[in-house]
Amino acid sequence: MAEALPPTYDPKQNEASLYQWWEEQGFFHADESSGKRAYVIPIPPPNVTARLHMGHGLNNTIQDALVRWRRMQGWEALWIPGSDHAGIATQNVVERLIAQEGKSRDDLGREAFVARVWEFVHKTGGEIFDQLRAIGCSLDWPRARFTLDEGLSRAVREVFVRLYEKDLVYRGHRIINWCPRCLTALSDEEAETQETHGRLWHLRYPLAEGVEADGLPRLADGRAYMVVATTRPETMLGDTCVAVHPDDERYTSLVGKELELPLTGRRIPVVADTYVDPAFGSGAVKITPAHDPNDFEVAQRVGAPALDVMTPEAVMNDAAPERFRGMDRFEARRAVVAAFDELGLLEKTEDHTHAVPHCYRCDTVVEPRLSDQWFVRMAPLGAPALQAWRDGQVRFHPERFGRIYEHWLENIRDWCISRQLWWGHRIPVWYCRNAECRETVVAREDPAACPKCGGAVEQDPDVLDTWFSSWLWPFSTLGWPDQTPDLDAFYPNSTLVSGQDILFFWIARMIMGGLEFMGRVPFQDVYLTGMVRDHLGRKMSKSLGNGIDPLVVVQHFGADALRYTVITGAGQGQDQYLNYQDLELAFGPGRNFANKLWNAGRFALMTLGDAPRVPVESVAGSLELADRWILSRLSRATADVTTSLERFRFQDAGQRAYDFVWGDLADWYLEMAKPRLYGDMGDASRDAARAVLAEVLDRSMRLLHPIMPFITETVWQRLPRAEGDAPSLMVSRWPEPVAAWEDASAEAAFAELQDVVVEVRRMRQEYGIQPGVRVPLRAVPASAEVQAMLDASRRALGDLARVDELSFGAANGEVGASAVLRSGTELFLPLAGVIDLDRERKRLRDEATKLEGLAVGTEKKLSNESFVAKAPAEVVEREREKLAGYREQVEKLRGKLAALEGVQ
RNA sequence: GGUCGAUUAGCUCAGUUGGUUAGAGCGCUCGCCUCACAUGCGAGAGGUCCGGGGUUCGAGUCCCUGAUCGACCACCA
């Protein structure tokens, strides 16, 4: 059996088949009727057309680690897979596809286009699911959902109708963010502001003919004028007034009078509104109600009309003067500025940095546009969501995101949910075509006719924002609005793991939705991951070509290596940096760790063989120091890993398990146990070592399973099974710390042993003693206890240190290498003739000097009255002990030096 | 313009409520193909904890301030 295992672990041979076995065995399935406490994670549904990237790799690994851990702890753990129809994104992809055939969506028509998108989704949509399988995600596949499937569509419709009935959804004629490329409205969140270096143009608006005023500058022809500043000069074509502050004395006499709007021949009034900041620019603001949200509000207050001068594509329309018609907005901008300049109406141009909103899907500059759209009234939904956080019903990790959430909710604005797209949930609103009636029908079932007049109705052509289905995810996936067994068992969910970028898009809205429709927060904990960046700190992106394909990593390093790397690569909520040019640097350590586990397993197979598992309790009488030490360390590691997971400290959990397995178990215990396991130390000793080794390895695999599921299962399957064990590690029990194993004195004694061994190795290295050379070691232990420990570990110590003869006794000033350990134990290697005595003298002197320095520092500290008076007694006591220790060591070193005096 | 992060070894990161000589991995140097593992074993070098003030017996840790990088929010045209 053992010989069959190659010395190097090959993840490719294990992972896919292991995953398939888990899935076939039904281990991923959560039973809604088990009655066990439920642990549920709502997956952030990836876009249906998405391919897995490192961001998915990170947050799905964390989710899987949590689900696997809770499942092992005995919870009914549910993780439902799903994907998002991703309205704009998917529609854009398909539009590009058909564009290659020389067609537009209008050529196809709505029905055919939507059919085409479905076809595309069915063909490529499942790809990301296979990729999640490849990294080991234990998702309950038969429960997979899609935001546009029948059930979720019903939930969306129910929610829209309910909100309409409560007057929380309404149709409004407002300025919204409009993408002139996608030709749809966007929510405020979908308009991403980018810092842009632009210009601020100062334009002169002359007073209209027959209007006079004092104190204004004058043009060459004698007309007085006002100056307005703008970053978007083309919008002046749609100006319908100029606003000044009512208290601005420069302009009070002008309020109510008219200006001539250049290039248009229109006369527009000067109005007063407190929105204007008199200190900024000229203190006069051009008002373009149809193309700026603030201007729109000012116009509403002062009763100015709105004049839309652009087409949906942001091309100047027929309302613009003829010479500008048909011009793109940026072309018109240049033309307007040139025209002002020509007329002597361009006062000045300044450089100006400001935030410009861009479409989050295609990066086109957003054009504010006046239109009819559907909105959700957010204030009534936001208040309970804010309160829930304040009450501690929802907690963010890291905590600071709570304040960001709070700030957003306190300033929440209504949510524009209608999109002028074809791919998505059609808005369940019908309008009566009877011009006399015009009834609006909002209904759960499609109406055949107008309920008021019996006339024909037509459905609103728009669809809903993609996020309008996502915010229902935690309960819509469980069958809501029906009262299903799943909903009973699994709502509320438990933990949400997500990127920070969708805190507002998704997380905050889910909390609002959960409270509104289910009456309870959808989850208690929210863990926000940082971003995966390249080694230069840049976002990974297709255009920069600096991304890392998780599947390539799985191929070359294994899923466990990927998972280990992302788990241990960043602190809570911190960004992670990975070098796409050197995958070995990033993922090598994880692969090596998996290989370490593999080999620990091989070692166990070779030494434990097919012998039945013996419980540790049954060998309690013959446990040796190393046994007691490793069991104690294991219990503490178990407690630490569990605590770290509970606190969402994944990096700590991974690191702690790694340190235990590699640093304690592999480096020390396995080495010390070898002679015993080979039978050199007698049967009792061997049996004790076997029992302990089996126990410790078993528990180590359990501890690491949530992070590295494949290798741990692979090793665990080959270990001797304990009575009544589960068929798979993934459904076995999470280990508990064992108080009875924790043994401070064993740990202290073993630490002394480690000191001895390390020191011997150091001396051998220092003096270049070849591995095969036998050198006698003498040790003068500080106490009978250490003496006993050294005796007990004699064989193991010899093996580790590669010192074949050990003799314990006084060194008597004999020439050789020597060392004094922290415990006071003195080591001596008689090396006359082997070593350079001058070098040894120097080493001893240096060591003594260093210790003297430390002693002086400590002495000074202790002679400080304030320290002694104010520091805690135990701290002072510790300092005293330190000082005594330093002095003792210095004494011994001096003795050694003296012994070397005069020796050649 | 607000708010919030980050800055510790060449690189990627830990460092719990202030308290032994600030840690790990990778890289580097040296020695090892030692019967689980060379994806390994052993030893070692390497740090003004971003700068400047302050509080304290004591500061990587707390306060103030500056710098650099980053994120989020924001209607100053």
Side-chain angles (χ1 to χ4, degrees), chain A residues 2 5 7-9 193 200 228-232 243 275-277 279-282 284-288 292-295 297 352 354-355 398 400-401 403-404 407-408 411 500-501 503-504 530-531 533 535 537 557 561 568-571 573-579 582 584-586 588-589 591-607 647 649 651-652 655 658-659 663 666-667 670-671 674 678 758 761-766 768-772 799-802 850-851 853-854 857-858 861 864-872 874-876 878-879 881-882 885:
Chain A
L5 294 181
T8 302
Y9 173 58
T193 54
L200 187 60
V228 295
T230 180
T231 53
R232 297 185 295 150
Y275 157 71
V276 180
D277 175 5
F280 187 86
S282 64
V285 183
K286 60 185 278 304
I287 299 297
T288 320
D292 185 278
N294 301 305
D295 291 7
E297 284 175 23
H352 186 68
H354 59 148
R400 62 190 152 89
F401 286 99
R403 292 192 298 279
I404 296 174
H407 182 257
W408 186 74
N411 298 284
Q500 300 163 9
D501 49 338
L503 178 59
F504 308 138
M531 197 174 290
R533 300 172 176 279
H535 58 295
F557 298 88
T568 57
Q574 293 296 330
D575 286 353
Q576 171 161 170
Y577 298 79
L578 293 173
N579 190 333
D582 190 349
E584 176 64 29
L585 181 67
R591 174 204 53 204
N592 295 352
F593 185 40
N595 192 54
K596 192 72 179 176
L597 297 176
W598 170 256
N599 274 291
R602 285 179 75 219
F603 175 74
L605 284 186
M606 291 174 184
T607 52
R647 293 181 184 164
R649 310 276 303 199
Q651 184 179 37
D652 293 351
Q655 199 61 55
Y658 176 100
D659 287 345
D667 285 350
L670 294 187
E671 295 303 326
K674 277 177 183 173
Y678 295 147
V758 168
R761 287 169 178 167
R762 196 198 64 72
M763 287 192 289
R764 292 190 64 103
Q765 177 84 14
E766 172 95 12
I769 299 158
Q770 295 301 306
D799 190 67
L800 279 173
R802 306 215 165 277
K850 185 177 158 193
L851 284 164
L854 288 170
T858 310
K861 206 168 182 179
N864 182 328
E865 286 172 29
S866 304
F867 171 71
V868 178
K870 294 181 183 175
E874 56 186 66
V875 173
V876 177
R878 207 157 58 215
E879 291 297 320
E881 284 168 13
K882 267 163 61 184

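Side chains included, hydrogens not; waters and symmetry mates left out as well; all remaining heavy atoms used. Lettering follows sequence order; numbering is per chain, from 1.
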message: Tell me which nucleotide, if any, is Watson-Crick or G-U wobble paired with B/U16 when both distances must be under 3.5 Å.
response: none
query: B/U29 and B/G46: how far apart are their P atoms, nearest whole angstrom?
result: 16 Å
message: Please classify the nucleic acid contact of A/E874 as base, sugar-phosphate, or nothing, using heavy-atom distances under 4.0 Å.
response: nothing
task: Give one of base, sugar-phosphate or nothing for A/F593, where a contact means two heavy atoms less than 4.0 Å apart.
output: nothing
message: Please determine whether a side-chain nitrogen or oxygen atom of A/R878 lies at a distance below 4.0 Å from atom OP1 or OP2 of B/U21.
response: no
- request: Say whether, by atom type as modelled, one donor and one acceptor occur between the side chain of A/N595 and the main chain of A/R591 under 3.5 angstrom.
  value: no
- request: Could you tell me whether A/N864 contacts a base, only the sugar-phosphate backbone, or nothing, with contacts defined as non-hydrogen atoms closer than 4.0 Å?
  value: sugar-phosphate
task: Hunt down the Watson-Crick or G-U wobble partner of B/G2, both distances under 3.5 Å, from any strand shown, or write none.
output: B/C72
query: What does A/Y678 touch in the nucleic acid at a heavy-atom separation under 4.0 angstrom: a base, only the sugar-phosphate, or nothing?
result: sugar-phosphate
- prompt: NA contact type, A/A243, heavy-atom cut-off 4.0 Å: base, sugar-phosphate, or nothing?
  reply: nothing
message: With a cut-off of less than 4.0 Å, is there a side-chain N or O of A/K870 near OP1 or OP2 of B/G58?
response: no
message: When both hydrogen-bonding distances must be under 3.5 Å and the geometry is Watson-Crick or G-U wobble, what is B/U34 paired with, if anything?
response: none
query: Base, sugar-phosphate, or nothing: which does A/R533 touch, judged by heavy atoms less than 4.0 Å apart?
result: sugar-phosphate
query: Looking for any heavy atom pair under 4.0 Å, which part of the strands does A/P7 touch: base, sugar-phosphate only, or nothing?
result: sugar-phosphate
task: Check every strand shown and say whether A/R400 touches a base, only sugar-phosphate, or nothing at a heavy-atom separation below 4.0 Å.
output: sugar-phosphate
message: Counting the atoms with a prime plus P, OP1 and OP2 as sugar-phosphate, which does A/T8 contact under 4.0 Å by heavy atoms, base, sugar-phosphate, or nothing?
response: base
- prompt: Which part of the nucleic acid does A/L585 contact within heavy-atom distance under 4.0 Å: base, sugar-phosphate only, or nothing?
  reply: sugar-phosphate
message: Once you apply a heavy-atom cut-off of 4.0 Å, does A/V228 come out as touching a base, just sugar-phosphate, or nothing?
response: nothing
query: Is A/K861 near enough to B/U20 that one of its side-chain N or O atoms lies under 4.0 angstrom from OP1 or OP2?
result: no
task: Determine the Euclidean distance between corresponding P atoms of B/C69 and B/U16; express it in Å to zero decimal places.
output: 27 Å
task: Pick base, sugar-phosphate or nothing for A/Y577, based on heavy-atom distances below 4.0 Å to the nucleic acid.
output: sugar-phosphate
query: Taking C-beta and beyond as the side chain, do A/Y275 and A/N294 meet within less than 4.5 Å on heavy atoms?
result: yes
query: Want to settle it: does A/T568 or A/D659 sit nearer the 5' end of RNA chain B, counting the closest nucleotide to each?
result: A/T568
message: Would A/E881 and A/R878 count as a salt bridge (charged side-chain N to carboxylate O under 4.0 Å, His left out) here? Give the steps.
response: CA-CA 5 Å; A/E881 284 168 13; A/R878 207 157 58 215; over 6 Å; no
- prompt: How is A/P872 classified with respect to the nucleic acid when contacts are heavy atoms under 4.0 Å: base, sugar-phosphate, or nothing?
  reply: base
query: Is A/D292 salt-bridged to A/R232, going by a charged N under 4.0 Å from an acidic O?
result: yes
query: A/L670 near the nucleic acid: base, sugar-phosphate alone, or nothing, with a heavy-atom cut-off under 4.0 Å?
result: base
Short side-chain N/O contact from A/N592 to OP1 or OP2 of B/G40, under 4.0 Å: yes
